[in-house]
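Structure record follows, encoded as structure tokens.
These numbers come from the heavy atoms of this one structure, side chains and all, not from hydrogens, waters or symmetry mates. Because the structure is predicted, anything quoted here is derived from the model rather than measured.
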Amino acid sequence: VRARFNTEDLGAGADVFASVQIRDILEVVDVSNEDVWMAVPLGDTTAQCVPSCAYVFKEMARQSENEATQRIWGTYGLVREVPASAPPRPISIIGAEKGRVTQVLQLLPGILKDMKLVFPVPHTTRAPRDGER
């Protein structure tokens, strides 16, 4: 799961939990306790105590009277593991030719270094205008 909260935002009782930051990814290994889950942080091998969804919701309700704020905070989001054998997912970058999409792509070499780039060939079904091939 991906955390959508910081443990330090949960109040004084949260100091019994391992530190969880927004966007941390955890593999939950035990949910048998209503308030405490055991989870292994991504890249670690040791399970730690983290607040359960129920605990986070209780703390949000205690701290906030505004129901909309409670929904915005959130608890955990599901993270889907993509196997290494999965085919790559295409990314489309679209723009007018006068916007020089190719030049924009060249400004992103670090992001695109391992990607195979394919460029479309512009075409139309209309007859060529004067001066066009």
Original post:
Are Phe5 and Val79 in one and the same hydrophobic cluster, where Ile, Leu, Val, Met, Phe, Trp and Tyr link if side-chain heavy atoms are under 4.5 Å apart?
Top reply: no
For residues 10-22, please give each side-chain donor-acceptor pair under 3.5 Å, one per line with the distance, not counting sequence neighbours.
unit_1 : atom_1 : unit_2 : atom_2 : d
Ser19  : OG     : Gln21  : NE2    : 3.1
Gln21  : NE2    : Glu8   : OE1    : 3.3

Original post:
How many angstroms lie between CD in Glu59 and CG in Asp35, if you round to the nearest 0.5 Å?
Top reply: 9.0 Å
**OP:** With sequence neighbours excluded, give me every ring pair (Phe, Tyr, Trp, His ring centres under 6.0 Å) pair touching residues 25-51.
**Re:** Trp37-Tyr76
Original post:
Would Val28 end up clustered with Phe57 when hydrophobic side chains under 4.5 Å apart are linked, directly or stepwise?
Top reply: yes
Subject >> Linked, directly or transitively: Leu78 and Leu26 (ILVMFWY side chains, under 4.5 Å) >> reply: yes
Just list the side-chain donor-acceptor pairs under 3.5 Å for residues 39-48, sequence neighbours left out, or say none.
unit_1 : atom_1 : unit_2 : atom_2 : d
Asp44  : OD1    : Thr46  : N      : 3.4

**OP:** Tell me, please, which residues at least two apart from Glu34 pass salt bridge (charged side-chain N to carboxylate O under 4.0 Å, His left out).
**Re:** Lys58
Original post:
Please, which pairs that meet salt bridge (Lys or Arg N to Asp or Glu O under 4.0 Å) have at least one residue in residues 23-33, sequence neighbours excluded?
Top reply: none
Original post:
Does any non-hydrogen side-chain atom of Val36 lie less than 4.5 Å from one of Val50?
Top reply: no
Original post:
Taking only residues two or more places apart in sequence or in another chain, which ones pass salt bridge (charged side-chain N to carboxylate O under 4.0 Å, His left out) with Arg126?
Top reply: Glu132
Original post:
Measuring from Tyr55:OH to Asn33:CG, what's the distance to the nearest 0.5 Å?
Top reply: 11.5 Å
